[in-house]
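Below: one structure, written as structure tokens.
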Amino acid sequence: GRLPGLRVKYALLVWLGIFAGSWMVYVRYSTYSELCRGHVCQMVICDQYRKGIISGSVCQDLCELHKVEWRTCLSSAPGQQVYSGLWQDKEVTIKCGIQEALSSKARPDVAPRRELVLFDKPTRGTSIKEFREMTLSFLKTNLGDLPSLPALVDQILLMADFNKDSRVSLAEAKTVWALLQRNEFLLLLSLQEKEHASRLLGFCGDLYLTEVVPRGRGASLPSILRPLLPPALHRALQQWFGPAWPWRAKIAIGLLEFVEDLFHGSYGTFYMCETTLANVGYTATYDFKMADLQQVAPEATVRRFLQGRHCEQSSDCTFGRDCRAPCDGLMRQCKGDLIQPNLAKVCELLRDYLLPGAPADLREELGRQLRTCTTLSGLASQVEAHHSLVLSHLKTLLWREISNTKYS
């Protein structure tokens with residue numbers, strides 16, 4: 001007599017399981033279709049290329065010969081499309097921006113009309129002298145008024161002339177101007193001489209290709225899943241799947257050298273505004289490479305954002321995820337100096353990355369130095385000598401442990 005009741009319960013459970021599974025598939029598909037719109041990027045770029053509005057070293061292979069292969073979607077935000085790919089028999093990372101906020105009702109096969117806003121400068125009739133001045137003014141606004149900027153402008157104009165005919169056409173000028181609006185591209189140009197940033201390989205319009213920066217296996221979780229994991233679990237996965245401790249020490253030395261590169265480099269100072277292990281990449285020989293420059297910002301850009309900004313508390317003075325300045329309670333305005341400098345944030349990261357599994361005779365001293373480092377202030381009076389001293393001590397401690405071994 002109880003069988004019919006059991007059947008109803010089992011049927012209900014099966015129905016709930018099917019419903020939950022269908023819902024998860026729907027959510028996954030909806031998220032994927034929103035995040036992964038590489039076909040839209042390619043459609044827009046190639047349309048502008050065929051109209052003669054843009055150009056670039058990759059355009060012919062991308063739009064005519066179809067020699068750029070799009071592989072896995074790595075996007076973490078709809079506005080910045082990131083894919084792994086293949087070009088000229090090399091693994092590459094393909095990056096392209098979609099500026100418009102795409103309506104949920106918009107058809108996914110319809111390309112946004114970006115040429116009106118993205119490829120509108122310079123206008124026809126602009127001389128090369130005017131374009132040079134326009135580019136220099138843009139760099140001064142975003143990097144600061146630095147004596148090295150005219151040399152950077154020369155490099156940009158040389159890069160714009162991708163066909164090497166000793167002249168910059170309107171399409172070439174529109175292309176390089178659109179690329180400069182991409183924060184990461186500007187950073188790639190500014191840090192191109194540094195070994196810890198990925199190399200630019202080619203471009204077409206504002207789509208560009210960089211060398212692949214391998215990440216730690218713990219960081220290679222699907223981008224959709226990363227926000228869902230608690231930070232503690234993400235860190236545990238990083239340590240579990242990560243390399244042996246001496247290799248981690250070598251990677252950490254590279255990360256500390258990258259912090260040095262960002263501080264008073266050739267083109268100014270830069271701030272790391274999202275300091276996570278997901279951005280810690282490294283090569284097959286465990287040399288550190290910054291996996292993502294999207295959240296690295298020039299000091300001039302951060303200060304311009306903070307200057308005169310109304311605030312009630314310090315959280316109102318946040319650029320990116322963790323570039324935070326104090327709030328002046330009397331003036332109700334953000335101050336210019338950041339609460340935490342790059343080095344302090346990196347040392348917080350290294351405490352979780354280096355202390356687990358560290359040699360017993362090193363752990364106490366390493367922990368002490370990392371604690372000292374995390375208390376550093378972003379005040380200008382502290383930044384110069386004190387930061388350099390702390391960073392030098394940390395690098396020396398780690399290098400002494402792995403020098404004269406296979407890990408060096």
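Because the structure is a prediction, the values reported are computed rather than measured.
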Inset, instruction - Evaluate the pair Cys373, Cys347 and indicate whether the two SG atoms are within a distance below 2.5 Å. - result: yes
Legend entry - side chain to side chain donor-acceptor pair (under 3.5 Å) contacts touching residues 316-326 (sequence neighbours left out): Glu274-Arg321, Thr318-Arg324, Asp322-Lys345
Inset, instruction - Indicate yes or no: at least one non-hydrogen side-chain atom of Val82 is less than 4.5 angstrom from one of Ile94. - result: no
Inset, instruction - Decide, yes or no, whether a salt bridge links Arg71 with Glu69 under the criterion of side-chain N to carboxylate O below 4.0 Å. - result: yes
Legend entry - Pairing of Asp287 and Lys250 as salt bridge, 4.0 angstrom limit: yes
Legend entry - Any side-chain donor near an acceptor of the partner, Glu184 and Gln80, under 3.5 Å: no
Inset, instruction - Taking Asn342 for its side chain and Val346 for its backbone only, find out whether a donor-acceptor pair lies under 3.5 Å. - result: no
Inset, instruction - Measure SG to SG for Cys334 and Cys317 and state whether it is below 2.5 Å. - result: yes
Inset, instruction - In sequence, state the C-alpha distance, the side-chain angles, and the governing distance for Cys59 and Cys46, and then conclude on disulfide (SG to SG under 2.5 Å). - result: CA-CA 7 Å; Cys59 289; Cys46 291; over 6 Å; no
Legend entry - Short side-chain to backbone donor-acceptor contact, Ser75 and Pro78, under 3.5 Å: no
Legend entry - Exam field: side chain Thr283 to backbone Thr285, donor-acceptor pair closer than 3.5 Å: yes
Inset, instruction - With sequence neighbours excluded, tell me which residues meet ring pair (Phe, Tyr, Trp, His ring centres under 6.0 Å) with Tyr49. - result: none
Inset, instruction - Check whether more than 12 heavy atoms from other residues, nucleotides or ligands sit under 6.0 Å from atom CZ of Arg199, and answer yes or no. - result: no
Legend entry - Salt bridge present between Asp206 and Lys95 (N-O < 4.0 angstrom): no
Inset, instruction - In plain terms, say whether Arg303 and Asp337 are close enough for a salt bridge, that is, a side-chain N and a carboxylate O under 4.0 Å apart. - result: yes
Legend entry - Side-chain heavy atoms of Leu354 within contact of Leu398, under 4.5 Å: yes
Inset, instruction - Check for a donor-acceptor pair, side chain of Gln181 on one end and backbone N or O of Trp177 on the other, with a separation under 3.5 Å. - result: yes
Legend entry - Note, Phe258 side chain near Glu195 side chain (heavy atom, < 4.5 Å): no
Legend entry - Beyond-backbone contact of Pro298 with Thr301, side-chain heavy atoms, under 4.5 angstrom: yes
Legend entry - Min side-chain heavy-atom separation Leu188-Leu293 under 4.5 Å: yes
Inset, instruction - Can you establish whether the number of heavy atoms outside Glu312 located under 6.0 Å from its atom CD is more than 12? - result: yes
Inset, instruction - May I ask you to decide whether Glu260 forms a salt bridge with Lys395, counting only side-chain N to carboxylate O separations under 4.0 Å? - result: yes
Legend entry - Val168 backbone acceptor or donor facing Asp161 side chain under 3.5 Å: no
Legend entry - Salt bridge flag under 4.0 Å for residues Lys51 and Asp47: yes
Legend entry - Expected output: side-chain Asp292 to main-chain Asn279 donor-acceptor under 3.5 Å: no
Inset, instruction - Would you check if Leu187 and Phe270 make a side-chain contact, meaning some heavy-atom pair closer than 4.5 Å? - result: yes
Legend entry - Thiol sulfurs of Cys73 and Cys36 closer than 2.5 Å: yes
Legend entry - From CA spacing to verdict: side chain to side chain donor-acceptor pair (under 3.5 Å), His310, Gln333: CA-CA 5 Å; His310 176 78; Gln333 287 187 349; over 6 Å; no
Inset, instruction - Please confirm whether the backbone N or O of Leu186 pairs with a side-chain atom of Ser190, one donor and one acceptor, at under 3.5 Å? - result: yes
Inset, instruction - Check whether any side-chain N or O of Ser57 sits under 3.5 Å from a backbone N or O of Phe203 as a donor-acceptor pair, and report yes or no. - result: yes
Legend entry - Any donor-acceptor pair under 3.5 Å from His196 side chain to Phe288 backbone: yes
Inset, instruction - Spell out, as yes or no, whether a donor-acceptor pair under 3.5 Å connects the side chain of Gln48 to the backbone of Ile45. - result: no
Which donor-acceptor pairs under 3.5 Å do the side chains of residues 137-147 make with protein atoms, sequence neighbours left out?
from, atom 1, to, atom 2, distance (Å)
Thr141, OG1, Ser137, O, 3.0
Asn142, ND2, Phe138, O, 2.8

Legend entry - Test: Lys289 and Glu211 ion pair at under 4.0 Å: yes
Inset, instruction - Answer yes or no: does atom NZ of Lys164 have more than 12 heavy-atom neighbours from other residues, nucleotides or ligands under 6.0 Å? - result: yes
